[in-house]
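Handing you this structure, nothing more for now.
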Amino acid sequence: MSTDTTAPAATPDGDALPFRYGAGLAAQIERSWQDRWEDEGTFHTPNPSGPWADPQALGGDKVYLMDMFPYPSGSGLHVGHPLGFIGTDVLGRYLRMNGRTVLHAMGFDAFGLPAEQYAVQTGTHPRKTTEDNIQRYKAQLRQLGLAHDERRSFATTDVEFYRWTQWIFLQIYNSWYDPQLQKARPIAELEAEYAAGKRGPWAELSRVEQRQVIDDHRLAYISEAAVNWCPGLGTVLANEEVTADGRSDRGNFPVFRRNLKQWMMRITAYSDRLVADLDRLDWPDSVKAMQRNWVGRSEGAQVRFGCGDAAIEVFTTRPDTLFGATYMVLAPEHPLVDVIAPAAWPAGTDERWTNGTATPADAVTAYRAAAARKSELDRQENKDKTGVFTGAYATNPVNGEQIPVFVADYVLMGYGTGAIMAVPGQDQRDWDFATAFGLPVIRTVQPTEGFDGEAFTGDGPAINSANAEIDLNGLGVDEAKRTITAWLVEKGDGESVTQYKLRDWLFSRQRYWGEPFPVVWDSDGMPVPLPDDQLPVELPEIDDYAPTAHDPDDANSEPEPPLSRNEDWVNVELDLGDGPKHYRRETNTMPQWAGSCWYYLRYLDPANTERFCDREVEEYWLGKDPSRANDPGGVDLYVGGVEHAVLHLLYSRFWHKVLYDLGHVSSEEPFRRLFNQGYIQAFAYTDSRGQYVPAEEVTGDEASGFTWNNAPVRREYGKMGKSLKNVVTPDEMCERYGADTFRLYEMSTGPMDVSRPWSTRDVVGSQRFLQRVWRNLVDERTGEVRVSDAEPEADTLRALHKAIAGVHADFEALHYNTAAAKLIELNNHLTKAYAGAGVPRSVAEPLVLMMAPLTPHIAEELWAKLGHDGSLAYGPFPVADEQYLVADTVEYPIQVNGKVRSRITVAADATQDEVKAAALADEKVAAALDGKEPRKLIVVPGRLVNVVL
RNA sequence: GCCGGCGUACUCCAACUGGCAGAGAGGCGGCACUUAGAAUGCCGACAGUGCGGGUUCGAAUCCCGUCGCCGGCACCA
């Protein structure tokens, strides 16, 4: 073989290897196979029913694979984006070759703020820029050779798609959550219950009042409440879209709390199920933890403290500490603050409690004003406790103690009841406040021996906790909680409750580029859902789609939806069953998450014009698997970045559960298995002024320092981005090396879930491997295949079957890096064993088949050259033959006291005793033993022998 | 502060369920081929697994402590 590769030297024109595998040949091969796959519909996946019904073709177990679909931004893809897409493609191809029926498609998440901002910047309509971007993405993805069923592609901006987004909205709107049955039910059933007099006043209410009663129960409802208003973006945002320091997730603009009338979704009704069903999902622990944390379920008790004529309700997770409650705190916004404050300070009020004000009303007013001025950030940064006495005292229900009631901003109106009982002995925040205000501390849990901290939050026996009727002393925390809660319930002073941090989902945006709501407003100012036959409500093609510009810091600016400017569209006359009437259309649009909440359902049945997805088709692809315990159903594998841990993935689960409750889907969860792929990161370089310089032009290394244009630059590591001047695109890689090389490189640099740096200069290593395989099977001068029909040697067969067995396990575990390593190893063996002689066909063919998931184009080409007519996309994938996996003899390392001292070779089927005998007979072992008996002799079959002296 | 995760060669990564620390890629050094460069082939060096303890015949792997890094949450009662 070396004669072949050195042949070019003998040829004068220097172009002697027209069939050497390089970028040029790769491009040719890749284009032709991509065309062929498309022409032949190689990756079209049949359905059990509907237009693509082909039940015959649905052999083997089905697998539904999905990527988190991309947002088609104006800057196109960089090499980091396709990492997950290639990963799912490799798995899909592997499974397909193993006889599984694989569904894999790719759509586009195309509504949303950035598309609109980009459109405003470029002065082009978002519909146009979005469609251009999608075309560009499709071209970029196609050149990677992804085995998608392209018939199933769509964008969330397609009218035929968002018509069903609107339809699902109406399903949610037209339902309510029945807490008894723990599920959503059609709103008509609730109305019937009211009409039958089973639920409260009805007949005596006016029609509008009746509608209000019903509307208050809907899962999608209008609320006028404090929401996140972001003038910089000109829209309101969901809690999930606001960062911890009170700014917008996108754009980093300030966000203000404002009372505004907005659409909400009652996701809180599903709090329990959203937490409980996490246990049924095969998801990373980190994501489950984040969702649990976000829902923030905590169990405790609600307790009433009498205060004059009023009662202050508090939520506590520690009712066992009630005897240690020495004061109470209301949130500044709490409505009882005004009610309970007396006209004057009680005699002898501590100076520290009044802030130097003349009356409680003054104190409270001033404190409230100060609290309102503080931003979220101020509240967080300054954790020194502030507050002021209300002048009122409340009665502790367990011991009748009169305890002072304060207002303080460390208590939040948005959680629990907005009021707390303060137990400084068992809560550090209360301890800090009590210390600052000279309030007493009563410990009610015995701290552990040697405890020298302040508040004690651990477990221990209760102390100082008894009254005439009840005695908690000596009980552990859990038992004390149960005991006191039962007592409170009996006395009518409290009950056991569960609290959540989760808030309802703010569902409207004052933007143009989103799904219009299928809702109109009538002359009573009440919302009216449109009937299904009036869907879709199309987004009007308007010229003035830009959001109203606001000063980002102007908290008092007013949201103004762009659609409201279009009076012709807004004002409609419709006959909604009671004659033609005038209505105004809802002018808000849905948030970007709406489409992604259900898109996985649309891939299943994208051509369906009657339903969002045929029920039978849904059941086939997403249905519960009875062979798995407690399986909730859902997509078999969903791959994407961890950044959607609580946004998209929580919203989507919520919608799916509503659809399940209403009987529209058979599965209880959208995504059975979730996998977070790592990120491809990159180095960026800044010059002395802190400006980014083109990363590609930087030279040097860590030891000698990095320079650009001979000036030293500083290296940083992180994202790939235009502004960082370190973007590498898949287009460049395909052009320089070919898609197969690029795919292989991305898959071989590490396991799927590990983030790693991009390194263009390493890509050549993957190219070299493909080149070596090609050279082993193809004559680089003639392009002729050159395999032999000879029987492979025994060691080759062992190498082959070892590779087959290993690669199966690796592909299944998404360890493509080690799969690639095993293929390289096998090919290295072939290079050595058959240099110049031609690789036996019976080894060449399985090698090519095993490469196909990773590098499909070159594999198809080699498969064809080996004389096969059809595509190898459907396999068969090689199966390892057990007989070649066991060697005749085994080499055992012999350890003496855990250190390798010698090696012996014994028959593979030797018994333990035979191995022991052989080990003891070894001269080095004998020397070490020096005639003595070993203390212990351990034989690990097939592994090693350890002699313990 | 709380929760989750990760520390193995110059770099990215392997090492089945505790069993010989090295599969693969890049880089580096050398040899062959070559007018030269590139490409190609061959050969080679480089870590005892962040640190300290423990369990074990045996620890990268399990346990305890500690340091460092990444991510999430955070005055949530």
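The chains referred to below are lettered A, B, ... by the order of the sequence lines, with proteins before strands, and numbering in each begins at 1. Heavy-atom basis, side chains included; hydrogens, waters and symmetry copies ignored. None of the values given here were measured: they were computed from a predicted structure.
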Nearest-angstrom distance, P atom, B/A15 to B/G7: 11 Å

Strand partner of B/A23, provided both Watson-Crick or wobble distances fall under 3.5 Å: none

Pairing partner of B/C69 (Watson-Crick or G-U wobble, both distances under 3.5 Å): B/G5

Minimum-distance nucleotide to A/Ala289 side chain [options: B/C12, B/C3, B/G19]: B/C3

Nearest-Å distance for atom pair OH/C1', residues A/Tyr679 and B/C6: 16 Å

Span that lies between the P atom of B/G50 and that of B/C6, in whole angstrom: 13 Å

Any donor-acceptor N or O pair under 3.5 Å, side chains A/Asn817, A/Thr749: no

Length of the CZ-C1' vector between A/Arg292 and B/A74, whole Å: 19 Å

Phosphate OP1/OP2 of B/A25 contacted by A/Arg772 side-chain N/O (<4.0 Å): yes

Whole-Å P distance, B/C67 and B/G48: 24 Å

Test: A/Lys385 cationic atom under 6.0 Å from A/Tyr410 six-membered ring centre, within 45° of axis: yes

Over 12 foreign heavy atoms within 6.0 Å of NZ, A/Lys802: no

Spacing between A/Met290 atom CE and B/C3 atom C1', to the nearest angstrom: 10 Å

Between B/U61 and B/U56 - P atom distance, rounded Å: 16 Å

Span that lies between the C1' atom of B/C73 and that of B/G26, in whole angstrom: 39 Å

A/Lys822 NZ to B/C13 C1', straight-line distance once rounded to whole Å: 13 Å

Short side-chain N/O contact from A/Asn817 to OP1 or OP2 of B/A14, under 4.0 Å: yes

Whole-angstrom distance between B/G18 and B/G1, as gauged at atom C1': 35 Å

Pairing nucleotide - B/A77, Watson-Crick or G-U, each distance under 3.5 Å: none

Pair partner, B/A45 [Watson-Crick or wobble, under 3.5 Å]: none

A/Arg786 bridged to A/Glu780 by N-O distance under 4.0 Å: no

Approximate separation, where rounding is to 0.5 Å, of A/Leu800 CG and A/Arg798 CZ: 12.0 Å

Pair partner, B/A15 [Watson-Crick or wobble, under 3.5 Å]: none

hbond_proxy A/Asn946 side chain to B/C57 base (donor-acceptor, 3.5 Å cutoff): yes

Base partner of B/A36, which must satisfy Watson-Crick or wobble distances under 3.5 Å: none

A/Arg775 side-chain N/O to B/G41 phosphate OP1/OP2 under 4.0 Å: yes

Atom-pair distance (CG on A/Leu650; C1' on B/C73), nearest Å: 15 Å

Euclidean distance for C1', B/C43 against B/U35 (whole angstrom): 26 Å

N or O in side chain of A/Gln771 less than 4.0 angstrom from B/U40 OP1/OP2: yes

B/G52: syn or anti, per glycosidic angle within 90° of 0: anti

Phosphate OP1/OP2 of B/G26 contacted by A/Arg768 side-chain N/O (<4.0 Å): yes

Whole angstrom value for the distance that separates C1' of B/A25 from CD1 of A/Ile680: 14 Å

Spacing of the P atoms in B/A32 and B/A25 (rounded, Å): 23 Å

Polar side chain donor-acceptor pair, A/Asn676 to A/Asp753, under 3.5 angstrom: no

Rounded interatomic separation in angstrom, taking CG from A/Asn828 and C1' from B/G24: 9 Å

Atom-pair distance (CD on A/Gln681; P on B/C69), nearest Å: 16 Å

